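Sharing a structure with you now.
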Protein chains: 2
Amino acid sequence: MTVTLADVAARARVSPATVSRVLNGNYPVAASTRERVLRAVDDLDYVLNGPASSLAAATSDLVGILVNDIADPFFGIMAGAAQTQIGGPGDGSGRAGGEKLAVICNTGGSPERELTYLTLLQRQRAAAVVLTGGAVESPDHQAAMAAKLAKLADAGTRIVFCGRPPLPEGDALVAALAFDNRGGGRRLTEHLISLGHRRIGYVAGPPERTTTRHRLEGHREALRRAGLDAESGDGEGGDGERLTVHGPYDRRSGYEATLDILRREPGITAVVAANDTVALGACAAVRDQGLRIPQDISVAGFDDLPFSVDAVPALTTVRLPLFEAGARAGRLAMGKENPPPGGIATIAAELMIRGSTAPPRVG
Amino acid sequence: MTVTLADVAARARVSPATVSRVLNGNYPVAASTRERVLRAVDDLDYVLNGPASSLAAATSDLVGILVNDIADPFFGIMAGAAQTQIGGPGDGSGRAGGEKLAVICNTGGSPERELTYLTLLQRQRAAAVVLTGGAVESPDHQAAMAAKLAKLADAGTRIVFCGRPPLPEGDALVAALAFDNRGGGRRLTEHLISLGHRRIGYVAGPPERTTTRHRLEGHREALRRAGLDAESGDGEGGDGERLTVHGPYDRRSGYEATLDILRREPGITAVVAANDTVALGACAAVRDQGLRIPQDISVAGFDDLPFSVDAVPALTTVRLPLFEAGARAGRLAMGKENPPPGGIATIAAELMIRGSTAPPRVG
DNA sequence: CTGTTAGCGCCTTCAA
DNA sequence: TTGAAGGCGCTAACAG
């Protein structure tokens, strides 16, 4: 039924081992022999049996890329970029060569699914795993992840974090590319403060995620440095709680949280959103209240997704080099690039000042 | 080093065969035995060897989802939705159960990479393959695809098209969910015509793709029905060529093509874009020319991606139920749902009229 | 440079 | 309901 290595060997009048060597290209083979083998492969339309190959070699050509939400371009861009480094350009023949199969796994942000996918990849003896985006900070989950990743690494799977802080235990097993969420958040709020804003609403992400926490910490640090923490700081029971609302990283959350903040604190002059998608919702809410951006309320986002520059007015935000980071993670996963010193690199975040922020109205 | 089925069997004091049966759950096993085996699995932290299992069973639990560009939410939404039906909810333990591993493969729109990924999936003996988005119409590629898909289907891989027209040969091997791109395109342009527009620019996608062609055909059909084809129709050498510009499905293309059209045909009163992303670029171009939307120029898109409603003014577009279609494709791939009659279902496209279109200025 | 020989770890008849 | 045995298709020593 299906043609096997042995069939190819028979037709090329060589041993199965030779066919294997030609196909894997890891061993010297006479040019004429190789020629003959390749012709037999084409004649017979032979396709390697992946499972058999993986079983014998005790490794597979699968590389897993874990993302929270593939419908979100934040992850789509990173995952796509990683894949460009992993899949290889192909040989243009449709015949697969030495490429790895880069597979994107959508966890939906669920810790359980994250672990499940890791188990699935462990099963497949994946060559590498790239974990993107922030982590959930529950101690249980972190411990489970650390254990699972240790096992994977133990089995020879390369582990790369992309846009995700390294594990607390700081395993040297992994390379980590961490975004400077805290610094970016701080500079963004400093920008607003320098424009003259004093009461700034903050629409945060889900409280349990590292990304959320880091961005918020940056925001509050800026407030504190400016001596504004009495008004908007993080003191228990202070005003900070009225000015900060948590919610998922989506448009709707931005819309509703902003309405909420505006209702409770009509005196705010700016809203900072946890990311650009949330910011879009915030903009809609501001407008629906009959307020103008930026004349009445300044709005800012985070990430600088492609659509942000097209918002009207264009969104002030913090640019994260998602494509570059994803590509680098892909290269690290393939062993094409050496890990950064200490295994950890921090990726800079750049403030992008655009039309959605301006000085508050006087009076 | 790594624990195998045999280790589990030894610890549970049963034969390897019994362990296998417990794990696969396809055979009757005494409850007490099963209990013992499962405990041994947990104690030993056993993880099934996927390749070995796939080799022996001649099938794997991999499901491939092919997309053109995962950074584009159009594909991200479909792929994510498909994955929800394929990955299964997990058992909440991090221990993988009978789930399939849904993997997203990013072709970048390249026919070669599409074929390469199919070969890779064929290698892995994938359980199913979902192909999303439009196809490239080159006869060579179509033939190659048909041959490859036939082989996959032959090996037991289920094939599902999602948002993609069935192959010309109309293999009964596949289930196809096709978007009504033509009808959507037609109704969108009819809407503009009914508002009074007579000279309408069209920023099309890459000419070789089915999606591009179908949407454009719908557009031209509307023009023809309104007797406008002399002005903007598809006649050879006619004005249609001046009013239609092809380019990739991205923002930049929308921006540049729109500038181009406006330069050559300052008299147009509306621009239809091949999709929402392109439309965003078109909007930017219109504004940069000092024109207002919709007072001076109406702009419309296609797809109704999440950000479209947040454009200012909100984008008139054609809604495609991407999530629903993706989820259905996932179910078809899993065999959870029966294929539509004839293997083909057409998914309706709904006109969404918003603020970016209005009657043209009089005079 | 090429052939021979053993498994890789699991599933699946066949018997018991 | 359970065990024994063979083989899935390939790779990786080891010879030659």
Side-chain angles (χ1 to χ4, degrees), chain A residues 1-38 40-41 44-62 96 98 120 122-127 155-156, chain B residues 1-38 40-41 44-62 96 98 120 122-127 155-156:
Chain A
M1 189 59 233
T2 76
V3 13
T4 74
L5 230 198
D7 300 330
V8 176
R11 188 172 229 276
R13 317 172 117 265
V14 295
S15 74
T18 299
V19 177
S20 172
R21 295 197 263 251
V22 169
L23 261 28
N24 293 312
N26 301 328
Y27 237 73
V29 174
S32 63
T33 314
R34 138 181 280 102
E35 191 61 30
R36 207 142 32 91
V37 168
L38 287 178
V41 165
L44 264 37
D45 231 355
Y46 169 70
V47 174
L48 184 73
N49 183 319
S53 166
S54 298
L55 173 57
T59 124
S60 85
D61 51 6
L62 229 59
L120 248 16
Q122 183 182 7
R123 258 192 201 175
Q124 304 295 335
R125 305 301 188 250
Chain B
M1 191 58 233
T2 76
V3 12
T4 74
L5 229 197
D7 299 330
V8 176
R11 188 170 226 278
R13 317 172 117 267
V14 296
S15 73
T18 300
V19 178
S20 171
R21 295 198 260 252
V22 170
L23 260 28
N24 292 314
N26 302 328
Y27 264 89
V29 174
S32 64
T33 314
R34 139 182 278 100
E35 191 60 31
R36 209 141 31 90
V37 168
L38 288 178
V41 166
L44 264 37
D45 230 357
Y46 169 69
V47 175
L48 184 73
N49 183 318
S53 168
S54 298
L55 173 57
T59 121
S60 84
D61 51 5
L62 229 59
L120 247 18
Q122 184 182 6
R123 261 192 201 176
Q124 304 295 335
R125 306 300 188 250

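Quick note on labels: first sequence line is chain A, next is B, and so on, each numbered from 1. Because the structure is a prediction, the values reported are computed rather than measured.
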TODO: Report the distance from atom OG1 of Thr2(A) to atom CD of Gln122(B), rounding to the nearest 0.5 Å.
DONE: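 Here the rounded value is 10.0 Å.
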
Open item on the list: Measure CG/Leu5(A) against C1'/dC8(D) and give the value in whole Å, please.
Closed with: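 For the pair Leu5(A) CG and dC8(D) C1', the rounded distance is 13 Å.
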
Open item on the list: Is the phosphate of dA4(D) approached by Ser15(B) (side-chain N or O, under 4.0 Å from OP1 or OP2)?
Closed with: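 For Ser15(B), the contact criterion (side-chain N or O under 4.0 Å from OP1 or OP2 of dA4(D)) is not met.
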
- [ ] Look at the side chain of Arg125(A) and the base of dG9(C), then say whether one donor and one acceptor between them are separated by less than 3.5 Å.
- [x]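 Result: no qualifying N/O pair found.
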
TODO: Output the single nucleotide from dA13(D), dC8(C), dT12(C) whose closest atom is nearest the side chain of Ala57(B).
DONE: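 Of the options given, the side chain of Ala57(B) lies nearest dT12(C).
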
TODO: Please check the phosphate of dC10(C) (OP1 and OP2 only) for any side-chain N or O of Ser53(B) closer than 4.0 Å.
DONE: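 The answer is no; no side-chain N or O of Ser53(B) sits under 4.0 Å from OP1 or OP2.
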
- [ ] Look at the side-chain N and O atoms of Thr4(A) and state whether any lies under 4.0 Å from the OP1 or OP2 oxygen of dG9(D).
- [x]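 Checking dG9(D) against Thr4(A), no side-chain N or O comes under 4.0 Å of OP1 or OP2.
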
- [ ] Identify the heavy atoms of Ala126(B) and Ser60(B) that sit nearest to each other, and give their distance.
- [x]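 The pair with the smallest heavy-atom distance is CA-OG, 3.8 Å.
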
- [ ] May I ask you to evaluate whether Thr18(A) reaches the phosphate of dC1(C), defined as a side-chain N or O under 4.0 Å from OP1 or OP2?
- [x]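 False: Thr18(A) side-chain N/O out of range (4.0 Å or more) of dC1(C) OP1/OP2.
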
- [ ] With heavy atoms under 4.0 Å as the rule, sort Ala30(B) into base, sugar-phosphate or nothing.
- [x]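 Contact class for Ala30(B): sugar-phosphate only.
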
- [ ] Considering non-hydrogen atoms only, spot the tightest contact between Ala52(B) and Leu55(A) and give its length.
- [x]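 Looking at all heavy atoms of both residues, the closest pair is CB-CD1, 3.7 Å.
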
TODO: With heavy atoms under 4.0 Å as the rule, sort Val14(B) into base, sugar-phosphate or nothing.
DONE: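 Sugar-phosphate, backbone atoms only, no base.
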
Task: Over all atoms of both residues, closest heavy-atom pair of Arg36(B) and Arg13(B) - done: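 Closest approach of Arg36(B) to Arg13(B): NH1-O, 3.9 Å.
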
Open item on the list: Looking at Asn24(B), I'd like to know whether one of its side-chain N or O atoms comes within less than 4.0 Å of OP1 or OP2 on dC11(C).
Closed with: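 It does, given that an N or O in the side chain of Asn24(B) lies less than 4.0 Å from OP1 or OP2 of dC11(C).
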
Task: From dT1(D), dT11(D), dG3(D), nucleotide with atom closest to Pro28(B) side chain - done: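 Ranking dT1(D), dT11(D), dG3(D) by closest atom to the Pro28(B) side chain puts dT1(D) first.
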
Open item on the list: From the set dG7(C), dC8(D), dT13(C), return the single nucleotide nearest to any side-chain atom of Ala56(A).
Closed with: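 For Ala56(A), the side-chain atoms sit closest to dG7(C).
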
TODO: Using a 4.0 Å heavy-atom cut-off across all strands, classify Ser54(A) as base, sugar-phosphate, or nothing.
DONE: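 No contact.
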
